[in-house]
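Chain letters run A, B, ... following the sequence lines, proteins first, then strands; residues in each count from 1. What's counted below: heavy atoms across the whole structure, side chains too, no hydrogens, waters or symmetry copies.
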Number of protein chains: 4
Amino acid sequence: MKRTKPKYKQIVDAAVIVIAENGYHQAQVSKIAKEAGVADGTIYLYFKNKEDILISVFREKMTIFVENVKEILTKDLSTSEKLGKVVENHFRVLQDDPHLAIVTQLELRQSNKDLRFQINNVLKEYLILLDNLLDTGVKNEEFAVDLDLRLARQMLFGTMDETITSWVMNEQKYDLVSLAPKVSKMLLHGFQQK
Amino acid sequence: MKRTKPKYKQIVDAAVIVIAENGYHQAQVSKIAKEAGVADGTIYLYFKNKEDILISVFREKMTIFVENVKEILTKDLSTSEKLGKVVENHFRVLQDDPHLAIVTQLELRQSNKDLRFQINNVLKEYLILLDNLLDTGVKNEEFAVDLDLRLARQMLFGTMDETITSWVMNEQKYDLVSLAPKVSKMLLHGFQQK
Amino acid sequence: MKRTKPKYKQIVDAAVIVIAENGYHQAQVSKIAKEAGVADGTIYLYFKNKEDILISVFREKMTIFVENVKEILTKDLSTSEKLGKVVENHFRVLQDDPHLAIVTQLELRQSNKDLRFQINNVLKEYLILLDNLLDTGVKNEEFAVDLDLRLARQMLFGTMDETITSWVMNEQKYDLVSLAPKVSKMLLHGFQQK
Amino acid sequence: MKRTKPKYKQIVDAAVIVIAENGYHQAQVSKIAKEAGVADGTIYLYFKNKEDILISVFREKMTIFVENVKEILTKDLSTSEKLGKVVENHFRVLQDDPHLAIVTQLELRQSNKDLRFQINNVLKEYLILLDNLLDTGVKNEEFAVDLDLRLARQMLFGTMDETITSWVMNEQKYDLVSLAPKVSKMLLHGFQQK
DNA sequence: TATGAATGAGATTTCATTCAT
DNA sequence: TATGAATGAAATCTCATTCAT
């Protein structure tokens, strides 16, 4: 279960491609192995089972979101500006990796409850960062003092998620990132409630 | 493929129960048949295949949402007030039918891409009503004139959806309907953008 | 799990043939199904899993031994004569069904500990009958009064088992049943210990 | 394929431990290698394949039995007394090495027919010694003149084997060696048939 | 000699769907 | 209409063995 060796990364990347191109239920281990250029059995030197591959895909890729957002949060910007950057980042990461967008928005949701539970655990770290951001906005009075943090975060995440899913289901035909400012603007107005 | 005979409804209702109680992947046709009190083969006199049962579940239940929203839209209320009623209705219908909430928010999402595309088609009628509502709000200047209708609707639906999913994943432990006013308030501020 | 329908018996009989001809580890479910003239899946309408087929083979066939011995025990014969008949019966049943002999003496012993534990449970009924026979012989003073029943039964069963296994490993080349009198005679002398 | 180097013995001993503790089917080559403190690949410098390890286990351990029996046969004792010593030796060797008892009586019997045929070949040397002993007993008229040597040996070995297997399956809870005199006595009466 | 990462063949079981009755 | 026994395709994972170092 070495998570640093290049072969580990090879397999994770192969999994994203195979799932995106074949769909969750047609992403057999043998297909992933072939795409990664290894034998079927080799997969099991790096992953406990198939579910472990999928959760790893999500964990590895989620890192990008989390790292980026962490960096944004350290910047010398207003909370509103930071929120704008967060939305833009979320859209950009997925627009830049169309395979990943399909996997996170459509395919990985077909997983069973167990796997989704694990995915949610990974997601939690990201959601906490969003919570922190919103909390800061309330504290420094950029957002309404009586803002319900949980609802606000659900609005933030739900809006981004639905926007991206629609974009993916429309076959990524339009430019997602360019919608970020409008989305941020609406969300900010919602949070400001002056 | 008679959709009026009582047995048709029996099977749809059985499907909701079986899926809610066993989960999507454990909802075998034979279980649904047993719950409905018919033989496995009988299912296929009323439904083309398993997918057809699931899409029917969604279609039948969606009717409630659509009927309620249509009625709300005919009322003599401001667009903002109507939007509040729509959010409350969405929350109330699912709070009143916990099985249905589990099925729509968690279980049916595990279906494959094909089925989800079909579900989205059924959903479209509901989304169009939301679009109409938002459009009216823009036209009568309750909402910002430059509101991007599609994004606004994605924010509206995405927020409601994420809020309900969180509630279901928290085992429906708190009162969902009582959150509706706060959610509406945030959304309205977002749409007004004065 | 119908154990009376003809298909159940068909599958058990097919299993004996397939195991005898291919060996335990080459007796795939699909081979058994083919030999029985049913689809692979049909097996699972009658058996919980593969292990259940194998234990059923043993249980069904063991019945013959048990029935025969029970009948012998009711006869109006001396204990020594009954013991002779028991040995002869044991040899005859296996000589008459060469496939079964291979399965019980060689193939089924390759099963894992779990299955062997279950097989031993089935065997126990037969061993108890042997115990009863020996006990009667002690009580009516045909056998030594200080005979250790457990050891005596282990000698009885162990001798029969080893004799048959040797015969099977010699490809059943000689007449097994004709050896029964000599075997009984030795055993009886052992038990009598005058 | 050096059978003298210490690593060869290391591996054989490791195999006995691993099989006894994990069972035949859970005794993977990698486990044996680990227990022996060598790399998986190293095994194949000393053994042709896995089967070769197992047969070697049997061959190495069988030596103890054979040596002991050979020594007994040279002693200045009656055939009956020698037979008593042989039974006692057989019981004692296995009682003194509980791992070995489990391996020979339960685990190695799960091997496939091929391996068991090879094991029987190794066993043959031991069985020939038993044959010789019995033959001497006939020649010097301690045993019945018309004793069927093969059957007598099958009774001797089968009885010992069944007795030990029962003891192992009863988790070696009672003293096996102390049963030897009773077992010998029964066998001797069987062979004497006066 | 020794290593251990990589290989890849192979089989049980599930379950949507059919069809003879 | 209704039944339910029968079908059969399809995929994860293990582990003995190899071979480059």
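Look at B/Lys7 and you'll find a side-chain N or O under 4.0 angstrom from OP1 or OP2 of F/dA2. In terms of phosphate contacts, A/Tyr46 brings no side-chain nitrogen or oxygen within less than 4.0 Å of OP1 or OP2 of E/dA5.
Counting to the nearest Å, the P atom of E/dA6 and the CZ atom of A/Phe47 are 12 Å from each other. At whole-Å resolution of the value, OH in B/Tyr8 and P in F/dA2 are 16 Å apart. When rounded to the nearest whole Å, the span between NZ of D/Lys34 and P of E/dT3 equals 14 Å. Rounded to whole Å, atom P of F/dA11 lies 12 Å from atom CD1 of A/Ile32. In this structure, CD1 of A/Ile43 is placed 12 Å from P of E/dA6, rounded to the nearest angstrom.
Atom CD of D/Glu125 is surrounded by 12 or fewer heavy atoms from other residues, nucleotides or ligands within 6.0 Å.
Remark: the backbone N or O of B/Asp52 is paired with a side-chain donor or acceptor of B/Ser56 at under 3.5 angstrom. No donor-acceptor pair under 3.5 Å is formed between the side chain of A/Glu107 and the backbone N or O of A/Gly23. No donor-acceptor pair closer than 3.5 Å links the side chain of A/Lys31 to the backbone N or O of A/Val18. A side-chain donor-acceptor contact under 3.5 Å links A/Arg116 to the backbone of B/Leu106. In this structure, the side chain of D/Glu35 does not engage the main chain of D/Ala14 through any donor-acceptor pair within 3.5 Å. A/Lys7 places no side-chain N or O within 3.5 Å of a backbone atom of A/Ile43 that could act as its donor or acceptor partner. Using modelled atom types, one side-chain atom of D/Thr104 and one backbone atom of D/Leu100 make a donor-acceptor pair closer than 3.5 Å. Formation of a donor-acceptor pair under 3.5 Å by the C/Arg109 side chain with backbone atoms of D/Gln110 is not found in this model.
Of the residues in residues 14-22 of chain D, none has a non-hydrogen atom less than 4.0 angstrom from any atom of DNA chain F.
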B/S/- contact track for nucleotides 12-21 of chain F, protein heavy atom under 4.0 Å: SBBSSBB---

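F/dT21 sits 22 Å from E/dT1 when the P atoms are compared, rounded to a whole Å.
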With Watson-Crick and G-U wobble geometry limited to distances under 3.5 Å, how should the secondary structure of DNA chain F be encoded in dot-bracket form, using | for bases paired to another strand and [ ] for crossing pairs? .||||||||||||||||||||

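The six-membered or imidazole ring of D/Tyr126 lies near that of D/Phe65, with a centre-to-centre distance under 6.0 Å.
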Apply the test salt bridge (charged side-chain N to carboxylate O under 4.0 Å, His left out) to residues C/Asp13 and C/Lys61: give CA-CA distance (whole Å), side-chain angles for both, the deciding distance (0.1 Å), then the verdict. CA-CA 10 Å; C/Asp13 290 343; C/Lys61 298 306 179 181; 3.4 Å; yes

